[in-house]
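Everything numeric here is computed off the predicted structure, so don't read it as measured data. One-based numbering, in listed order, for ligands and for the atoms of each.
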Amino acid sequence: MKDTLVRLSRKLSYVLRHDPASVGLTLDTQGWVRVDALLAAVRVAREDLDAVVATNDKQRFRIRVAPDGTAWIRASQGHSVPVDLGLEPADPPAELFHGTPRRNVTSIMAEGLRPGQRHHVHLSTDLTTARAVGRRRGDEVILRVDAAPLASTGALFYRSDNGVWLTAHVPPPYLTIL
Ligand code: HQG
């Protein structure tokens with residue numbers, strides 16, 4: 001992706017997940033905001049927004065057109081502001097993966113994976129993605145999550161529109177350091 005689009009993607013992530021008020025926007029209860037309002041607030045052209053939505057490496061944003069023809073956009077996951085994404089619980093694969101900087105591992109193996117500032121713990125279906133997530137903040141360690149056994153205890157899992165698996169907490173017995 002071009003540098004300008006990467007910068008715009010970062011800006012949109014910040015606005016749509018963490019601080020819509022920073023540009024004078026309010027999200028609806030499910031995290032959507034009108035595209036025309038967003039374009040005016042961040043002073044961006046529609047074609048640049050469409051390019052970010054289409055080419056974003058992790059498909060972070062989703063646009064939908066309402067029956068009255070207005071276009072709405074939201075981030076598919078990663079929020080810290082209160083939104084209800086309206087996702088239905090789903091059966092996870094047997095195993096999922098989570099990458100984290102090495103400094104977190106002792107605490108994670110003692111208390112499990114916690115969501116931190118976000119609404120859910122974020123889990124990946126593949127090692128490559130988990131590694132990239134962990135490496136954002138330092139020397140990464142990959143944890144395997146025994147997702148299906150955890151789900152069988154009643155823990156709820158959700159799959160975001162962009163394929164990230166979300167859950168509230170992963171207790172230590174379901175974690176293995178790879
Ligand atoms: C760690 C990005 C100590 C956890 C990524 C992580 C992802 C603990 C950090 C998405 C802990 C939270 C989410 C415990 C968890 N003790 N540390 N008990 N439990 N942690 O950013 O999963 O590019 O909120 O391991 O790609 O890193 O923004 O979560 O290191 O998909 O689209 O606490 O964000 O997506 O950090 O990343 P984060 P994350 P985007």
Side-chain angles (χ1 to χ4, degrees), residues 1-20 22-23 27 30-33 38 42 48-63 73-85 87 90 92-93 95-147 150 155-178:
M1 208 168 25
K2 283 197 303 189
D3 279 0
T4 51
L5 295 185
V6 171
R7 273 199 298 279
L8 179 54
S9 171
R10 294 222 172 99
K11 171 91 180 171
L12 293 178
S13 288
Y14 178 72
V15 166
L16 295 176
R17 292 167 167 178
H18 307 302
D19 197 0
S22 66
V23 293
L27 308 183
Q30 297 210 329
W32 297 98
V33 67
L38 176 67
V42 298
D48 289 341
L49 181 71
D50 286 343
V52 167
V53 173
T55 63
N56 193 261
D57 55 350
K58 288 166 69 180
Q59 300 288 299
R60 291 178 176 87
F61 312 105
R62 189 169 145 221
I63 290 179
I73 185 169
R74 79 174 179 188
S76 291
Q77 36 72 223
H79 300 79
S80 59
V81 293
V83 297
D84 173 6
L85 293 174
L87 302 174
E95 296 177 349
L96 289 165
F97 303 96
H98 180 90
T100 193
R102 185 170 300 278
R103 62 180 175 275
N104 291 340
V105 170
T106 306
S107 159
I108 290 172
M109 294 315 283
E111 60 185 44
L113 279 172
R114 296 192 181 283
Q117 299 300 307
R118 306 190 200 243
H119 299 315
H120 298 100
V121 173
H122 285 223
L123 304 170
S124 310
T125 52
D126 64 287
L127 286 165
T128 309
T129 306
R131 197 163 280 128
V133 171
R135 200 176 297 151
R136 281 155 48 239
R137 302 203 184 90
D139 180 23
E140 83 281 6
V141 171
I142 308 295
L143 305 172
R144 191 187 75 221
V145 174
D146 293 325
L150 176 54
L156 297 179
F157 283 75
Y158 307 88
R159 188 179 176 279
S160 72
D161 286 343
N162 60 338
V164 177
W165 282 88
L166 307 169
T167 196
H169 177 230
V170 180
Y174 298 90
L175 291 168
T176 305
I177 300 172
L178 297 185

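In plain terms, the two heavy atoms of Ala75 and Phe61 that are nearest each other are CA-CD2, 4.1 Å. Considering every non-hydrogen atom in both Ala130 and Phe97, the closest pair reads CB-CB, 3.7 Å. For Ser22 against Asp19, the heavy-atom pair with the smallest separation is OG-O, 2.7 Å.
When heavy-atom distances to ligand 1 are checked against 4.0 Å, the residues falling inside are Arg17, Lys58, Arg60, His98, Thr100, Pro101, Asn104, Ser107, Ile108, Glu111, Gly112, Leu113, Arg114, Arg118, His122, Val133, Arg136, Arg137, ordered by chain and number.
Checking His18, Arg118, His119 one by one against Ser80, the side chain to side chain donor-acceptor pair (under 3.5 Å) holds for a single residue, His18. Considering Thr100, Thr167, Leu123 as possible partners of Leu113, the one that fulfils the side chain to side chain contact (heavy atoms under 4.5 Å, CB included) test is Leu123.
In this pair, Tyr158 and His120 present their aromatic rings tilted. The plane angle is within the 30 to 60° band.
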